[in-house]
Q: 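Pasting in a structure now, in C-alpha cells, and then I'll have a few things to ask.
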Amino acid sequence: MQGEGMGFSWVTLTTVLPVCGQVTALHSGKEIHGQIVKSKKRGDVPLLNSLMDMYAKCGAIDYCRKVFDRMQNKDITSWNTMISGYSINGQIEEAMALFDEMISNRIRPDGITFVALLSGCSHSGLTSKGKRLFHVMQNYGVKPSLEHYACLVDMLGRSGKLDEALAVVESLPMKPSGSIWGSLLNSCRLYGNVSLAETVVERLFEIEPNNPGNYVMLSNVYANAGMWEEVKRVREMMGMRGIKKDAGCSWIQIKHRIHTFVAGGSTDFRNSAEFCRIWSELSDATKKVGYVPDTEVVLHDINAEMKTMWVCGHSERLAAVYALINTGDGMPVRITKNLRVCVDCHSWMKAVSRVTRRLIVLRDTNRFHHFENGTCSCKDYW
DNA sequence: ATAGGGTTAG
C-alpha cells in the first residue's frame with residue numbers, strides 16, 4: 001500500500017497490529033507505532049487498544065502500560081487489554097491492582113475482564129483467590145459463562161484438586177466444551193491420574209475426535225506411567241484416523257526477518273563453527289550453575305543418551321542460540337513457540353539467562369516466561 | 001477496526 005502511494009488510515013493499522021502481536025513481531029509492531037507518532041494526529045481508541053495488545057502479546061508489558069497511561073480516553077477494551085496483558089505475562093498482582101483501580105474509577109467490568117483475571121489466577125496457582133473472584137463477579141452482574149467455568153476447572157485441576165474439578169464439570173449448567181474436558185485431561189497428565197484420564201478422554205473424543213493435541217496428551221499420560229503398549233495403541237489410532245500433529249517450532253524476529261527452527265534443526269546451522277562454539281560455552285557454563293538435562297520429559301521409549309540429545313535439540317534452544325549469536329550483547333532474546341515449553345528447556349533457559357546475563361522472553365502458545373538472572377516470572381508453576 | 005477459555009511426539 002505504501003509503495004503505491006495509497007497511504008493508510010487508522011483502520012489499516014488497527015488491523016495490522018494484531019497480526020504483529022499474534023506472531024510476536026515486536027520490531028514490525030514498533031515500526032507501526034513509529035508511523036502513529038510520525039503522523040502527529042492523535043491515535044483513536046481502537047488504534048491505541050490494538051497497539052497495547054501488540055505490546056502485551058510481544059511480552060513488552062511496560063510499553064503496553066505506557067500507552068495505556070497516556071491514553072486520554074479509555075474504553076472497557078483498553079482496561080481489559082491491560083489486565084489480560086498482565087495476566088498472560090504472569091503479573092497477576094498488577095492485574096488485580098488494575099482491577100481494583102477500575103472499580104474505584106467506577107468502570108464496570110464485563111465478562112472478558114473476569115476471564116482475564118480467572119485465567120491469570122489459574123496460571124499463577126492462586127486457587128482460593130480465583131474461587132473467590134468467581135463468586136465476586138456475580139455481584140457485578142456478570143453471569144458465569146462456559147469460558148469462566150473453563151477457567152475454574154483449569155484452576156482446580158492444575159492445582160491438583162482433580163475431584164473438585166470433575167465435580168464442577170459434572171454440575172455444569174451447560175454442555176461442557178472440548179476445552180473443559182481438555183483442560184481436565186491436561187490436569188490428569190500433570191498429576192499422573194491414568195484412570196480419570198481414560199474417563200475424560202472418552203467424553204473428549206465425542207466432542208473433538210480430530211484434535212491431535214488430545215491424542216498426544218493421552219499418549220503422554222500413558223508414557224509418564226511407563227505404559228508403552230498403550231502409547232503404541234494411541235499412536236496407531238492416530239495413524240488409522242489420519243490425525244497428524246504439527247511439529248513443534250520456534251521463531252525469532254531479527255530486524256525484518258523471522259527465523260524459524262524445528263527440533264533437531266538444520267544440520268547447516270548445528271554444524272556451523274559459531275553454533276558449536278556457543279553451544280559448548282553454554283554447556284560448560286550452565287553445568288557450573290547446576291543445570292542437568294532432565295530426560296523425563298522425553299516421552300518416547302528410547303535410551304538415555306538419545307533422550308539427552310533429543311531434549312537438547314528442542315527448537316526453542318536452537319532459536320535461543322541463534323539469537324545469542326546474532327543480536328548484540330545485553331539485548332533481550334525474544335522467542336516464540338507454537339507449543340508449550342518443556343520442563344527441561346525451562347530450566348535450561350533459566351540457567352542461560354543467568355550465565356549470559358540476558359533477559360530471555362519466551363512466549364508459548366499464548367503466555368509468557370520472562371527469564372532473568374536464573375529465575376522465571378512464572379515461579380515454576382505450570 | 002481493537003480485548004476473552006485447556007493442551008500438544010518427531
Side-chain angles (χ1 to χ4, degrees), chain A residues 8-18 21 43-54 56-57 64 68 74-85 87-88 109-120 122-123 142 144-155 157-158 165 169 176-190 200 204 208 211-221 223 231 234-235 238 243-249 262-264 297-302 306 309-310 313-315 337-342 364-367 382:
Chain A
F8 56 81
S9 69
W10 285 159
V11 176
T12 319
L13 302 188
T14 307
T15 55
V16 176
L17 279 166
D44 64 7
V45 175
L47 174 67
L48 297 177
N49 288 346
S50 61
L51 182 64
M52 281 174 58
D53 189 51
M54 181 280 295
K57 299 249 165 73
C64 175
F68 178 78
K74 299 180 178 72
D75 63 8
I76 181 70
T77 303
S78 324
W79 288 88
N80 285 348
T81 303
M82 194 66 237
I83 290 176
S84 139
S87 180
I88 62 175
D110 63 7
I112 297 174
T113 318
F114 288 101
V115 169
L117 291 170
L118 288 171
S119 81
S122 176
H123 285 267
V142 179
S145 69
L146 191 62
E147 288 86 344
H148 301 106
Y149 282 108
C151 294
L152 183 62
V153 170
D154 189 59
M155 185 176 339
R158 202 186 286 275
V169 179
S177 59
S179 21
I180 300 238
W181 289 116
S183 153
L184 199 49
L185 176 59
N186 182 50
S187 300
C188 294
R189 179 183 63 91
L190 289 172
V200 166
L204 187 54
E208 293 182 340
N211 181 342
N214 299 335
Y215 292 83
V216 172
M217 261 197 287
L218 178 63
S219 159
N220 288 353
V221 168
V231 170
V234 175
R235 304 223 164 161
M238 287 180 79
I243 292 162
K244 277 207 186 78
K245 169 76 185 60
D246 289 337
C249 80
V262 293
V297 299
V298 180
L299 301 175
H300 294 269
D301 200 7
I302 51 177
M306 284 292 289
M309 223 174 80
W310 217 324
H314 278 175
S315 61
K337 181 169 188 184
N338 70 337
L339 304 173
R340 292 216 68 185
V341 58
C342 79
D364 61 28
T365 355
N366 48 23
R367 55 204 66 236
W382 295 75

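The chains referred to below are lettered A, B, ... by the order of the sequence lines, with proteins before strands, and numbering in each begins at 1.
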Q: Output the rounded distance in Å from CG (A:Asp44) to P (B:dA3).
A: 14 Å
Q: Taking only the side-chain heavy atoms of A:Asn80 (C-beta and beyond), determine which of B:dA9, B:dA1, B:dA3 contains the nearest atom.
A: B:dA3
Q: Is it the case that the base of B:dG5 and the side chain of A:Asn366 share a donor-acceptor contact (distance under 3.5 Å, atom types as modelled)?
A: no
Q: Considering only side-chain heavy atoms of A:Arg340, which listed nucleotide, B:dT2, B:dT8, B:dA1, is closest?
A: B:dT8
Q: Without decimals, in angstroms, what is the distance between A:Trp181 CH2 and B:dG6 C1'?
A: 13 Å
Q: Between CZ of A:Arg158 and OG of A:Ser187, what distance do you get to the nearest 0.5 Å?
A: 6.5 Å
Q: Is NZ or CZ of A:Lys245 both nearer than 6.0 Å to the six-membered ring centre of A:Tyr215 and within 45° of the ring axis?
A: no
Q: Under 3.5 Å, is there a donor-acceptor pair linking the side chains of A:Ser78 and A:Thr81?
A: no
Q: When all nucleic acid strands are considered with a 4.0 Å heavy-atom cut-off, which category describes A:Lys337: base, sugar-phosphate, or nothing?
A: nothing
Q: Measure the distance from CD1 on A:Ile180 to P on B:dG6 and round it to the nearest whole Å.
A: 11 Å
Q: Can you figure out which of B:dT7, B:dT2, B:dG10 approaches the side chain of A:Pro46 most closely?
A: B:dT2
Q: Between A:Asp364 and A:Asn338, is any side-chain donor less than 3.5 angstrom from a side-chain acceptor?
A: no
Q: Could you give the CG-to-P distance, from A:Leu339 to B:dA9, as a whole number of Å?
A: 7 Å
Q: In whole Å, what is the span from the CG atom of A:Asp154 to the C1' atom of B:dG4?
A: 14 Å
Q: If you go through the side-chain atoms of A:Thr14, does one of them form a donor-acceptor pair with the base of B:dA1 closer than 3.5 Å?
A: yes
Q: I'd like to know if the side chain of A:Asp75 pairs up with that of A:Asn49 as donor and acceptor (distance under 3.5 Å, no hydrogens or angles considered).
A: yes
Q: Under 3.5 Å, is there an N or O donor on one side and an acceptor on the other linking the side chain of A:Asn186 and the base of B:dT7?
A: no
Q: Look at all strands and tell whether A:Thr77 reaches a base, only sugar-phosphate, or nothing, counting heavy atoms closer than 4.0 Å.
A: base
Q: What integer distance in Å separates A:Leu47:CG from B:dA3:P?
A: 12 Å
Q: Looking for any heavy atom pair under 4.0 Å, which part of the strands does A:Gly157 touch: base, sugar-phosphate only, or nothing?
A: nothing
Q: Is a side-chain N or O of A:Ser315 found less than 3.5 angstrom from the main chain of A:Ala263, in a donor-acceptor match?
A: no
Q: For the pair made of CE in A:Met54 and P in B:dT2, what is the distance, rounded to whole Å?
A: 15 Å
Q: Among B:dT7, B:dG4, B:dA1, which is the nearest nucleotide to the side chain of A:His123?
A: B:dT7
Q: Categorize A:Ala116 for me: base, sugar-phosphate, or nothing, with a 4.0 angstrom heavy-atom threshold over every strand shown.
A: nothing
Q: Identify whether any heavy atom of A:Thr365 sits under 4.0 Å from a base atom; if not, whether one sits that close to sugar-phosphate; answer base, sugar-phosphate or nothing.
A: base
Q: At 4.0 Å (heavy atoms only), tell me whether A:Leu146 reaches a base, stays on the sugar-phosphate, or touches nothing.
A: base
Q: If you only use heavy atoms from C-beta on, which nucleotide in B:dT7, B:dA9, B:dA3 is closest to the side chain of A:Arg235?
A: B:dA9
Q: Of A:Ser84 and A:Met238, whose closest DNA chain B nucleotide lies nearer the 5' terminus?
A: A:Ser84
Q: Which part of the nucleic acid, if any, lies within reach of A:Asp246 when heavy atoms closer than 4.0 Å are counted: base, sugar-phosphate only, or nothing?
A: nothing
Q: Please report the distance, rounded to the nearest Å, between CH2 in A:Trp10 and C1' in B:dA1.
A: 13 Å
